[in-house]
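The next block holds one structure in the form of structure tokens; read it before the comments.
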Protein chains: 4
Amino acid sequence: MKRTDKRTRLLAAAEALLARKRMHEITLDEVVKAAHTGKGTVYLHFKDKEDLFQQVPEACCEKLFCALDAVAKGRQPFAAKLDAAWDTLLAFHERRRTLFSVIESQQEYSSHLKCDMRRRINASQGRIWEGVTRILGQGAAARMVRADIPPEVLARYMNSLARMFARHFAAHRGRAEQKAFLKRFFAAGAFETNHTRLHSRRTE
Amino acid sequence: MKRTDKRTRLLAAAEALLARKRMHEITLDEVVKAAHTGKGTVYLHFKDKEDLFQQVPEACCEKLFCALDAVAKGRQPFAAKLDAAWDTLLAFHERRRTLFSVIESQQEYSSHLKCDMRRRINASQGRIWEGVTRILGQGAAARMVRADIPPEVLARYMNSLARMFARHFAAHRGRAEQKAFLKRFFAAGAFETNHTRLHSRRTE
Amino acid sequence: MKRTDKRTRLLAAAEALLARKRMHEITLDEVVKAAHTGKGTVYLHFKDKEDLFQQVPEACCEKLFCALDAVAKGRQPFAAKLDAAWDTLLAFHERRRTLFSVIESQQEYSSHLKCDMRRRINASQGRIWEGVTRILGQGAAARMVRADIPPEVLARYMNSLARMFARHFAAHRGRAEQKAFLKRFFAAGAFETNHTRLHSRRTE
Amino acid sequence: MKRTDKRTRLLAAAEALLARKRMHEITLDEVVKAAHTGKGTVYLHFKDKEDLFQQVPEACCEKLFCALDAVAKGRQPFAAKLDAAWDTLLAFHERRRTLFSVIESQQEYSSHLKCDMRRRINASQGRIWEGVTRILGQGAAARMVRADIPPEVLARYMNSLARMFARHFAAHRGRAEQKAFLKRFFAAGAFETNHTRLHSRRTE
DNA sequence: TATGAATGAGGCTTCATTCAT
DNA sequence: GATGAATGAAGCCTCATTCAT
């Protein structure tokens, strides 16, 4: 349990620091000071610095997935679920401005990594889209989300828009209005209309 | 002219390396080897490594703006211009997968910088959206793009989607189909419909 | 204690190297090799190379002061004390030919330094004269050293002569004779005579 | 003549910079900027940076010698000549606080140098003492300077005291009084008395 | 298990020197 | 002869990693 405790504290410290800096600008000294552990302790729980930071997104993505999955499992109508999904996603990205850089570099480098490591990373990243995909899948089943673009693709659109929002509009004064713009735009792009129905039929 | 030459070659070398690695993983040795210059030459044109990499986006964004502006100034109908804009944006992001990380970190750190430096960075980044904004503005003027979301906001949506596409779907086998999805999604989200017209009227 | 050990070894190594070269001609690599430590260790104990070399005189001057103070506290007659002081001073300068350059450059640059640093340097340098001053003060009290020039001024004369001697006459064949010249010269210059007594009376 | 001009300007610039910094802290860029020449010009007149700075004392010492020799050749009584020598020496050292470091390092390194270079350096440094030695020699001939210490040794004493004075008492408020102390001390140490006459006889 | 002093490979930067103009 | 842009060797410093305690 103590073991878990230190490990968790290290991951939390790393995640917190990622809010302000990129991984390569964070020193292990900073991490262990924030986590109140010794420097050697890192190497009891992680192979190296890289490994520690690799596992930060893993934990985060899992948390995000859980939050979205909870929404998906709820009994609210689809529109409410989508709203909740937006809020969850936006909060996630606003709180972790640079986390996605780590994820992106993992993607960049996954080709150099050993096979099982790659699988682990892909699995963890998949969780990000998976939660959103489930909700959008429900919407598609209810004929509310367009069927001519796969839900997992729409999920990525949604995530990328959320990330961009966190970067450009979150600290804005007009955040609420901007959020409305965003939802409206996505709804118009992703919802089923007569037009999209024609498309679906054609591609079927 | 030779001076410009070396400077350009260094920027080009740095840009090329940014396609594969992040700035902190690129050594000056790599840059100067790629640029076929001596290491000291860097310091004739840039204050330090940081400064060199700061100026890479500046040059790139300008190039992107020029390409998009050329489209905007063309005489094709709006639909063709938007298509061309997509192609330009996608090519830009596919060729410069990690460039945006540099831009993002500039945003992150611009608060620490001296005022004129910050202004320079913001100006250069503004160019990215500016080209797209012009085209979408023409669409809005032609009543083809929804008027209830400002074109400069839609421009950011478009850019973030393009960036995501470069990362997730570019290397895909089904790139063509994915590109069709993307355009269709954006069109649905951004084009004027009866529904958006109602919105515009309300917000007016 | 180990910490002190490394720090001491680094200072000793730097001091030893200063016997042969000036600070700017000594590389950190040489110092750490001589001290049998790693390069990084320097930065655990000193801010940078400058700081390491700044602290060398501090330690040396303290040692010199201790040696001279021991003489001053002894029960020998003044003449014997002065003899011992000469031997101590000459040994000091012969062993540390270039150390004084460091001290001089500290004086040169102390104006640029922060106030407490400057105070520390001045305090440490003061020790050099302080030991000699005490002995000469005793001589003055015993009416053997002229009273019309303050002992702390005579102390500086003595030190500068010792330094010059280390540079010009130490390696000489006729070192013994030269040493006799030096002592005789200083004695004639510093000792009380009828003539100096007149001076003192006049200036009183 | 143009050639001489540039060479002179470079030496003057180097000498001026030596008033504030040590050779190793002065860059060639600074020198050529101060001398208003190009960087390559240095290598037309000097073998390298070392050679340039080696020649600075050479020129300075020669100037000092000339000044002192002029005094020696004058018709004033010895006491006035010695006074003039003090003034010349003090002015020299006060104006060139760090020049002597260069000379000292030349001595330090002369052992590594080629034979003719060493001879040149020694010759140039000899000039420093030579001027003073001549004057003191005249004093000895006139039985005013003690004969039991060779004039060339006393010359070095005098020079070392002058150097120390420039460093410790020149900027002082009580400079005039300090100067009086210094002259009085040296006179007492160097002048012939009954006592020194006994010594001379014994050593003869 | 936990620590943090010690390490040294590797990176950035400086600056004396060269050489094409 | 005069120049200064270009060079790269050499040095300082950082920081991930180790290991004795």
Any heavy-atom pair between the side chains of [Y] and [X] that's under 4.5 Å?
X	Y	result
A:L28	A:L52	yes
C:K63	C:E15	yes
D:M23	D:E50	yes

Out of [options], whichever nucleotide has its closest atom nearest the side chain of [X]:
X	options	result
D:T37	F:dT3, E:dA6, E:dC12	F:dT3
B:K39	F:dT18, E:dA16, E:dC12	E:dC12
C:L44	F:dA2, E:dA6, E:dA16	E:dA6
D:Y43	F:dC12, E:dC12, E:dT17	E:dT17

Check the distance between [N]'s [atom2] and [X]'s [atom1] and give it to me in whole angstrom.
X	N	atom1	atom2	value
B:H36	F:dG8	NE2	P	13 Å
D:D5	F:dG1	CG	P	15 Å
C:F46	F:dC12	CZ	P	15 Å
A:E30	F:dC15	CD	C1'	11 Å
B:R9	F:dA6	CZ	C1'	11 Å
B:E25	E:dC12	CD	P	12 Å
A:H24	E:dC12	NE2	P	12 Å
B:D48	E:dT14	CG	C1'	13 Å

- Query: If each of B:D29 and C:G38 is mapped to the nucleotide of DNA chain E with the nearest heavy atom, which maps nearer the 5' terminus, i.e. the 5' end?
  - Reply: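 Between the two, 5'-proximity favours C:G38.
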- Message: Taking the nucleotide of DNA chain E with the nearest heavy atom to each, does C:V42 or B:I26 sit closer to the 5' end?
- Response: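 It is C:V42, whose closest nucleotide lies nearer the 5' terminus.
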- Message: Evaluate A:V31 against A:I26 for side-chain contact (heavy atoms from CB on, under 4.5 Å), listing each step before the verdict.
- Response: CA-CA 8 Å; A:V31 177; A:I26 299 171; 3.7 Å; yes
So, is [X] near the phosphate of [N], with a side-chain N or O under 4.0 Å from OP1 or OP2?
X	N	answer
B:K49	E:dC12	yes
C:H45	E:dA6	yes
D:K6	F:dT3	yes

- Identity of whatever pairs with F:dT14 - Watson-Crick or G-U, under 3.5 angstrom: E:dA9
- By the Watson-Crick or G-U definition, both distances under 3.5 Å, F:dA20 is matched with E:dT3
- Message: Looking at B:K21 and B:E30, is any side-chain nitrogen of the basic one under 4.0 Å from a carboxylate oxygen of the acidic one?
- Response: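 A salt bridge links B:E30 with B:K21.
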- Under 4.0 Å between any heavy atoms, over every strand shown, what does C:T41 touch: base, sugar-phosphate, or nothing? Just pick one. base
- Query: Contact class for A:L28 (heavy atom, under 4.0 Å): base, sugar-phosphate, or nothing?
  - Reply: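 Touches a base.
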- Message: Donor-acceptor pair, distance only, cut-off 3.5 Å: does the side chain of C:E62 make one with the backbone of C:A59?
- Response: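 No: the side chain of C:E62 does not pair with the backbone of C:A59.
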